[in-house]
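So the structure is just underneath, and the comments pick up after that.
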Amino acid sequence: MNTFTYSYPVKVYFGEKAAASSLPAELAKVGSNVLLAYGGGSIKKNGVYDELLDILKKAGKSVTEFTGIMSNPTYEKVLEGANLAKENSIDFILAVGGGSVIDCCKIVSAQAKMDADIWEFEYTEHGSPSDFIPMGAVVTAFGTGAEMNNGAVITNTEKMMKSPLWGAFYDFAILDPAYTMTMPMKQVISGSFDSLSHSMETYMGSPRELNLSDEINEATQRNIIRNIRATIKNPNDIQARSELIWAAAMAENGILKIGKVTDFQCHMLEHQLGAYTDCNHGQGLAVLHPVLYRHMMPEANKQFARLAVNVWGIKPDGKNEETLANDFVDALTLFIKEIGLPTSFAEMGIGEDTDFKAIADSTILTGGCAKKFTKEELLEVLTSCK
Ligand code: NZQ
Ligand code: ZN
């Protein structure tokens, strides 16, 4: 294993009624002006908004609402939130939603405390923000695990970049599986595939020899696969959802990454696909993963072969590494089809006229990937996904 330091700042309150039992005590620790941030309004339809507003009012908070945070949040939206926070002297941000709301607020929390433009500060001056408005997250859509880290994926429409920005960690995250019961099944599946992707992209990093982080990772992947199937079979299976919401957090709470340099090449490519098409993140990953993985052979065969046996239950039966690696990618492809995720850009409504060369050229190449891709190879991957 590589040398590492491990500590984690996010306190997790997990389980049904977690907001009612934990939020009053958390709110007592923060100032009176609260920014209540959410997306397009699903929380108003399923009762989560009313429940949280009641808790905030009972805690004597003055609430400013920051609404309409879109999927794939934009930098413009971050600036809107930061201005709102400054104008209303916000002491605390409560972010309620999926990865988009949770990410957007991480950067709002930093931008509201600085005059400089945070995009330029991080990308041109290579600075790291150090002053933040404290925050809590209430997860209503699982998958990204965004509540567990301080990276936010923000779309800069002017620069045509969907890129990581570094913001604050949440002080706490509330994970109540009951809040996720109204998630559209398409989002349950694409979100959970995102969790599987995070696990795989962590596993595929280096060192490439099996270690404790990887063995926990294999269990996480098996768990996600099993519980996606269980949730499709019975959408009301709250036990399966509680496994998925925690597996999503596990994939991003640092434990699987201990002692590893992660891969995340598929994510970098998908993010740029998102910058150019505004596509659903998990669906984009589903189309890209099998194709990218075929291009990672033979360099990644050792890890692929292990995934075939330890995650997908394929019997080694004297097969060589190359055959098992192929079996793994076949199993992943079949699973993607089985759970109804798209297998081509056409199925996602991404047209032939998309500027795939610009997407490939603007994609970050990662250090932990088993194969050192060139931009030309990434273009080949994208072209094969059409
Ligand atoms: O906006 P509302 O009306 O709330 O509807 C949302 C949205 O349309 C809906 N939804 C959420 N909870 C619901 C619900 N609908 C009914 N009932 C509920 N309980 O779900 C839709 C999708 O929400 P969104 O937050 O966009 O999805 P997701 O959680 O997949 O987040 C995607 C964003 O996270 C980024 C992605 O790139 C994308 O921008 N990621 C963030 C990561 C991180 N910070 O660690 C890691 C990921 O790799 C990812 O890149
Ligand atoms: Zn992801």
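All residue numbers refer to positions in the sequence shown, counting from 1. This is a predicted model, so every value here is computed, not measured. Read the numbers this way: they start at 1 and go in the same order the structure lists the ligands and their atoms.
Here K233 does not pair with D237 in a salt bridge; the nearest charged N to carboxylate O distance is not below 4.0 Å. Taking a cutoff of 4.0 Å between a charged side-chain nitrogen and a carboxylate oxygen, E209 and K302 qualify as a salt bridge. A salt bridge is defined here as a Lys NZ or Arg NE, NH1 or NH2 lying under 4.0 Å from an Asp or Glu carboxylate O, and D54 with K57 fails to meet this definition.
Remark: K260 qualifies as a cation-pi partner of Y203 under the 6.0 Å distance and 45° angle criteria applied to the six-membered ring.
For D194, every heavy-atom contact with ligand 1 shorter than 4.0 Å involves the side chain, none the backbone. Residue contacts with ligand 1, taken as heavy atom pairs separated by less than 4.0 Å, involve D103 solely via side-chain atoms from C-beta onward. Looking at Y179 against ligand 1, only its backbone comes within 4.0 Å, counting heavy atoms. Under 4.0 angstrom from ligand 1, the non-hydrogen atoms of H271 all belong to its side chain. At a heavy-atom cutoff of 4.0 Å, ligand 1 is contacted by no atom of M181, backbone or side chain. Neither the backbone nor the side chain of M148 comes within 4.0 Å of ligand 1, counting heavy atoms alone. Looking at N149 against ligand 1, only its side chain comes within 4.0 Å, counting heavy atoms.
Residue-ligand proximity: K45 is placed with every non-hydrogen atom at 4.0 Å or more from ligand 1. At a 4.0 Å cut-off, at least one heavy atom of N46 sits close enough to ligand 1 to count as contact.
Within 6.0 Å of CD on E322 lie no more than 12 heavy atoms contributed by other residues, nucleotides or ligands. More than 12 heavy atoms of other residues, nucleotides or ligands lie within 6.0 Å of NZ in K86, so this atom counts as buried by the packing criterion.
Relative orientation of the H271 and H267 rings is perpendicular, given thresholds of 30° and 60° on the angle between their planes. Between H281 and H198, the two ring planes are tilted [angle within 30° to 60°].
By the 3.5 Å distance cut-off applied to N or O atoms, P73 is not counted among the residues near ligand 1. Taking only nitrogen or oxygen atoms, main chain and side chain alike, G99 reaches within less than 3.5 Å of ligand 1. Where the criterion is an N or O separation shorter than 3.5 Å, residue side chain and backbone included, G41 meets it with respect to ligand 1. Checked against a 3.5 angstrom limit, the closest N/O atoms of V153 and ligand 1 fall outside it.
In the candidate list V48, T74, T140, T140 is nearest to atom 12 (N) of ligand 1, counting heavy atoms. If you check each of S42, S190, G143, A146 against atom 43 (C) of ligand 1, the one with the closest non-hydrogen atom is A146. Scanning M183, Q187, H198 for the heavy atom closest to atom 46 (C) of ligand 1 points to H198.
Rounding to 10 degrees gives 110° for the angle at the Zn ion (ligand 2) between OD1 of D194 and NE2 of H267.
Centroid-to-centroid, the aromatic rings of F356 and F345 come within less than 6.0 Å. For W246 and F142, the distance between ring centers is not under 6.0 angstrom.
Protein heavy atoms are absent from the 4.0 Å sphere centred on atom 6 (C) of ligand 1.
Remark: side-chain polar atoms of N33 are paired, donor with acceptor, to backbone N or O of S89 under 3.5 angstrom.
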